[in-house]
Amino acid sequence: TGDLTVRGVTREVRVPVTVNFYENGQGRFSGAFAIRRRDYGISYQSRLNPIADEVAVQFNMSVAEKK
């Protein structure tokens, strides 16, 4: 759980994280969550290229301890 700020609007979000691998100070993590654009004041809608209000956010990250 943490704060996500988009265009000056801050909301608390819960981000589920999966530990794919972690050993000897190195690891890989992934996760996904969704936000609603309108919650962050983003309401632009194009007639030619419609954008859903709910936007999926996915991430994969690798970490390693600094030696």
Side-chain angles (χ1 to χ4, degrees):
T1 301
D3 291 336
L4 175 65
T5 302
V6 177
R7 295 185 57 139
V9 177
T10 302
R11 301 268 185 204
E12 184 178 274
V13 294
R14 294 184 132 223
V15 180
V17 176
T18 299
V19 178
N20 302 97
F21 166 81
Y22 191 82
E23 187 176 299
N24 299 323
Q26 297 183 8
R28 285 191 313 265
F29 305 86
S30 61
F33 62 100
I35 61 171
R36 289 184 300 204
R37 293 183 311 121
R38 292 180 196 265
D39 288 350
Y40 293 89
I42 303 169
S43 59
Y44 173 76
Q45 194 61 272
S46 169
R47 290 183 183 175
L48 298 176
N49 187 22
I51 304 169
D53 185 41
E54 188 170 283
V55 178
V57 179
Q58 300 174 344
F59 65 91
N60 291 295
M61 87 178 156
S62 299
V63 297
E65 287 183 10
K66 192 174 185 178
K67 294 184 178 189

Without placing hydrogens or testing angles, list every side-chain donor-acceptor pair under 3.5 Å for residues 30-43, not counting sequence neighbours.
| residue | atom | partner | partner atom | Å |
| --- | --- | --- | --- | --- |
| S30 | OG | N20 | OD1 | 3.1 |
| R36 | NE | D39 | OD2 | 3.1 |
| R36 | NH2 | D39 | OD2 | 3.1 |
| R37 | NE | A52 | O | 2.9 |
| R37 | NH1 | Y44 | O | 3.1 |
| R37 | NH2 | Y44 | O | 3.4 |
| R37 | NH2 | I51 | O | 3.4 |

Checklist line | Which residues share a side-chain hydrogen bond (donor to acceptor under 3.5 Å, both in side chains) with T10, sequence neighbours left out | finding: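 With sequence neighbours excluded, T10 shows a side-chain hydrogen bond (donor to acceptor under 3.5 Å, both in side chains) to T5, given in chain and number order.
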
Notebook entry, point to check: Does anything in residues 3-12 pair up under salt bridge (charged side-chain N to carboxylate O under 4.0 Å, His left out), and if so which pairs, sequence neighbours excluded?
Noted result: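 Those involving residues 3-12 do not exist here.
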
Note to self: Strictly by salt bridge (charged side-chain N to carboxylate O under 4.0 Å, His left out), give each pair with a member in residues 20-30 just once, sequence neighbours left out.
What the structure shows: none

For residues 56-67, please give each side-chain donor-acceptor pair under 3.5 Å, one per line with the distance, not counting sequence neighbours.
none

